Amino acid sequence: MTSRPRPTTRFAPAPTGRLHLGHLANAIYVWGFARRLGGRVLLRIEDHDRQRCRPEYEAALLDDLDRLRLAADEPSTNELRAGPSTYRQSDNGPAYTAALDQLATVADVYACDCSRSTFAAWREAHGRPWSGPGCPGGCLERGLTARRDLALRVALGDDDEAWDDLLMGARSGPVSPEGDLPVRDRNGNWTYAVCVVLDDIRHGVDLVVRGEDLVDATPAQIRLARLFGRETAPVFAHHPLVRRPDGSKLSKAEGATAIGELLDAGRSAEELFGEAAFRVGLVEAPHPRSLDEALQLLR
Ligand SMILES: [Zn+2]
C-alpha cells in the first residue's frame, strides 16, 4: 500500500509539558514525509486530557514552533493563539459527543467501573494480565447505568487488524489487546483513541506519522475508525523514538531536552535538528543541519 498522492498528515503535540527532542524528531518525520510525498501538514493541539494539559504549555509550544520555523499548512500558530479552533481538541467536545452517540448505534458502548486495582487483582489471581475483549469486572454483561464518574468502553471484537506501515512493513495485532477500548475516562475526558481517530476523519488526515510506541494501539484505532464510518484507514508510518541512555522513552521535557530552554541557552535550531535526527538514527553523527537538510533525510 502506498499513500495517496498529496496526502494530508498532522503534527499533533499534547500540551502536557514543553516540546522536547522527541517532538522535534517526530516533526522531522512528519514534515519530511509531507515534503517527500507532496503533501500537507496540519497542526493539532491534543489537549483532550483536561487534568494534564495546560494553556501555558500550549503557548510555549506554539512559540517553540515559530522559533524553529516549523510552519503547518493549516492552521497558523497565530490562528491557534486567537481563540477556539477546530484544531484544538478541547474546543470540539460536541463533535466527540455526537460521534459517541453514533458509535453506540453500531457497537456495544458501556459503562465500566473497573479501576487499576480491579485489573491488578485479576492479574494477581490469574498470574497474567487481563487480555482480549471485555474487562475483569464483566461490566458489559452487568449493564451499569452510565454516570459521569464511570469510564465508558466500546467492544471492538476479538480479532486482528493489519496494515502496511511505511517504515515498519507489514504489521498486524489484536484490536482488544488489554480489554475493550476506553472511550471516556472516569474524569470525563474523551480518550486519546477517540479524539485522534475522529479528528483524523474530520480533518481528512490520510497519513499518520508517529512514534513506534503507538504501534500496539493501531489495530484498535483502525477498527474504531471503521465503526465511525471511515472506509479506508489512513496510511501509518511509525518511527523510532528518542530514548534516554537507559533505553526508556523520553516522555516529558526534562531540563536538558526542552527545545525552548536549549534555544534560550544559545543552541541553534540547526544544532537541535541535527541532534534530533541523530537520536533517532537518521544520521550517524549529530552535526548541525538546516530544516531543509533535516527534511531531506526522509527522501
Ligand atoms: Zn469493567
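FYI, side chains are in, hydrogens and waters are out, and symmetry mates aren't considered; it's all heavy atoms of this structure. Quick caveat, the model's predicted, so the values are computed rather than measured. Every number for a ligand or one of its atoms is a count from 1 in the order of the listing.
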Considering all heavy atoms, the nearest [X]-[Y] contact:
X	Y	answer
D180	R153	O-NH1, 2.7 Å
A107	V154	CB-CG2, 3.8 Å
E293	P288	OE1-O, 4.4 Å

Backbone N/O of M168 and side chain of R171: donor-acceptor pair under 3.5 Å: no
Taking only protein atoms, how many N, O or S atoms are found under 2.8 Å from the Zn ion (ligand 1)? 4
Between N92 and R202, do the side chains contain an N or O donor and an N or O acceptor separated by less than 3.5 Å?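 The answer is yes; a qualifying pair exists.
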Are L214 and I45 co-members of a hydrophobic cluster defined by side-chain heavy atoms under 4.5 Å apart? no
